[in-house]
Amino acid sequence: MQTKLLRPSEDATALEQAGALLRAGEVVGIPTETVYGLAANALDPMAVARIFEAKGRPQDNPLIVHIADLESVKDIATEFPPEAQALADAFWPGPLTIILPKQDRIPMVTSGGLNTVGIRFPSHPMAQAIIRAAGVPLAAPSANTSGRPSTTTAQHVMEDLNGKIAAVVDGGPCSVGVESTVVSLCGERPRLLRPGGISLEQLEQVLGTVEVDRALREKIDDTEKVSAPGMKYRHYAPKAPVTVVFGTPEASANYIYAQLGENSGVLCFDDCAPRFAGAAVVETFGPSDDAAEQAREIFDALRRFDTTDCTEIYAQCPPADGIGLAVSNRIRKAAGFHVIDLTEDNT
Ligand code: TXA
Ligand code: MG
C-alpha cells in the first residue's frame, strides 16, 4: 500500500480526502495537539482491526474514541456523570481522556474487550475537521509502531507506518508533545491512569482528590491485570537500554558523566549538554526549568537515538510535578523503570 502524505497547508481538499478514506474504512495518521493519532472509524470493527495490525498492538489494549462535539458523548458512553461534565467544561477540547461505561454500539475490538471506553475531544483544529469530515467518532491510538516512542510530526509517522496505512495528514509538530491525561470515572473515586497534557494538580482543582494508579510509578508484570492495559507494556523505548538518573540537574549530570563509556549515549537537558562534550551521543530535550518544552521534545529526542550506534543511554529526568509528571513517566517507561534515584537517602 502506498501511504499518501496529505498537506492541508498546500491542498485545500486534504482534510476532505482524509475524511473520505476514514469513511471507507481506511486507517489515517492525523495530527492532534498531543501526539499524532492512528485513526479509523471507531464504530467499524474491521477498520479498527486495521489499526491494531498496522501498529502491531496487543488486542487487549483499548483505543481512545475521539469526538468533535460534546453531544457525541451520549452515543458512546451510557452515562455522563457530573464529574465528567466538570472535566469537560474545564479541559475539553484538549488533552484529556475520560473513561466511562461504554454503549453497545462501541465494538469490543475498540475497547480492547472492556465494558468501558476512553473519550477525548481534541483541540487541534485539523483533528476536529477530520472527525467532522469522517462523520463518525474516530478510534485513535498514538501513531507509532507498538513499543516505539509516540510520534509528534508527520515524518515520525511515515518512519513507522509508511506502506502500512492509507494516508498521513501533515499538521506540523504537535503543540503539547505528550499524550492526553487519562482519568477513569468508572470506580468509586476518580483515578489517574496516565499522566499527560493536563496535570494532576489541574485535575484535582476540578475533582478534589484523585487517586493515582500504581502502574504510573512502578513496572507492572506482563501477567498482571491493570486499569489501563497500555501501562503494562514496554513503551517509548529506543533500541539501546535506558537508565534514568533522578536528581537535581547538577547531581544527575555529575553521576552520568562518571558512568560514561565509549558507546554511551546521554539524554539531557539543554543546559547540561556542555557537561557531556566527550560523550559518543548527546541528545537534548529542552531546558531543565521548562517541562512544557521537554514534553514537546521528548519523543523526538528518544527517536533520534535510533539513528546512532550507542549501546546504552543515560537519561536526566524532571521532577514529577505539573506536566513534569508526564515527561518523567515517559522517560521512566522508556527505561523500563530502571531508575537510579540520587534523591533517596542512602546513609
Ligand atoms: O493523546 C492521546 O491520548 C493520543 C492521541 C492520538 O489522542 N492517543 C493515545 O492513545 O495516546 P494510546 O492508545 O496510545 O494510549 C491510550 C491509553 C492506553 O494506555 C490505554 O490502555 C488507555 O489509554 N485506555 C484507553 N481506553 C481505556 C479504557 N477503556 N480503560 C482503561 N484504559 C484505557
Ligand atoms: Mg500509545
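As the structure lists them, so they are numbered: ligands from 1, and atoms in each ligand from 1. Heads up: numbering here begins at 1 and tracks the sequence.
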Within ligand 1, which atoms have a heavy atom of [X] less than 4.0 Å away?
X      : answer
Val117 : 29 (N)
Pro62  : 20 (C), 21 (O), 24 (N), 25 (C), 26 (N), 27 (C), 28 (C), 33 (C)
His66  : 5 (C), 6 (C), 7 (O)
Gly37  : 6 (C)
Ala140 : 6 (C), 8 (N), 10 (O)
Leu114 : 28 (C), 29 (N), 30 (N)
Ser142 : 8 (N), 9 (C), 10 (O), 12 (P), 14 (O)
Thr116 : 28 (C), 29 (N), 30 (N)

Item to check | Single-linkage hydrophobic cluster, 4.5 Å side-chain cutoff, Val281 and Val244 together | outcome: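 Yes, it is one cluster - the side chains of Val281 and Val244 are joined through contacts under 4.5 Å.
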
Next on the checklist: Please check: side-chain N/O of Glu201 versus main-chain N/O of Ile323, any donor-acceptor pairing under 3.5 Å?
Outcome noted: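 Judged by distance alone, no pair lies under 3.5 Å.
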
Next on the checklist: Heavy-atom contact check, 4.0 Å cutoff: does Lys102 meet ligand 1?
Outcome noted: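 Contact check Lys102 vs ligand 1: negative.
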
Checklist entry - Of all the heavy atoms in Ser111, does at least one lie under 4.0 Å from an atom in ligand 1? => result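 Checking ligand 1 against Ser111, which is what was asked, there is no heavy-atom contact under 4.0 Å.
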
Heavy-atom closest pair, residues [X] and [Y]:
X      : Y      : result
Leu70  : Ala88  : CD1-CB, 4.1 Å
Val210 : Leu192 : CG1-N, 3.6 Å
Lys55  : Pro141 : CD-CG, 3.6 Å
Ile313 : Pro238 : CD1-CG, 3.8 Å
Asp75  : Gln103 : O-OE1, 3.3 Å
Ser288 : Asp271 : OG-OD2, 2.6 Å

Item to check | Selected option - heavy-atom contact closest to atom 1 (O) of ligand 1, from Thr34, Thr97, Asp213 | outcome: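 Of the listed residues, Thr34 has the closest heavy atom.
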
Item to check | Nearest option to atom 4 (C) of ligand 1, as decided by whichever heavy atom of Val183, Ile106, Val35 sits closest | outcome: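 Minimum heavy-atom distance to atom 4 (C) of ligand 1 goes to Val35.
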
Checklist entry - Is the Lys NZ or Arg CZ of Arg332 less than 6.0 Å from the centre of Phe246's six-membered ring, within 45° of the axis? => result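 Yes, cation above the ring, under 6.0 Å and within 45°.
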
Compute the shortest N/O to N/O distance between [X] and ligand 1 and return yes if it is under 3.5 Å, no if not.
X      : answer
Glu179 : no
Tyr36  : no
Thr32  : no
Asn61  : yes

Next on the checklist: Can you tell me which portion of Glu33 lies within the under-4.0 Å heavy-atom range of ligand 1? Options are side chain, backbone, both, or neither.
Outcome noted: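 No part of Glu33 comes within reach of ligand 1.
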
Does the side chain of [Y] come within less than 4.5 Å of [X]'s, by heavy atoms?
X      : Y      : answer
Ser72  : Pro137 : no
Arg330 : Arg194 : yes
Gln294 : Ile298 : no

Item to check | Ionic contact status for Glu53 with Arg50, cut-off 4.0 Å | outcome: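 Looking at Glu53 together with Arg50, the answer is no, because their closest N to O distance does not fall below 4.0 Å.
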
Item to check | Side-chain donor-acceptor pair present, His124, Thr32, cut-off under 3.5 Å | outcome: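 Note: His124 and Thr32 side chains miss the donor-acceptor criterion.
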
Item to check | Under-2.8 Å neighbours of the Mg ion (ligand 2), protein N/O/S atoms only | outcome: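 Total protein N/O/S atoms under 2.8 Å from the Mg ion (ligand 2): 1.
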
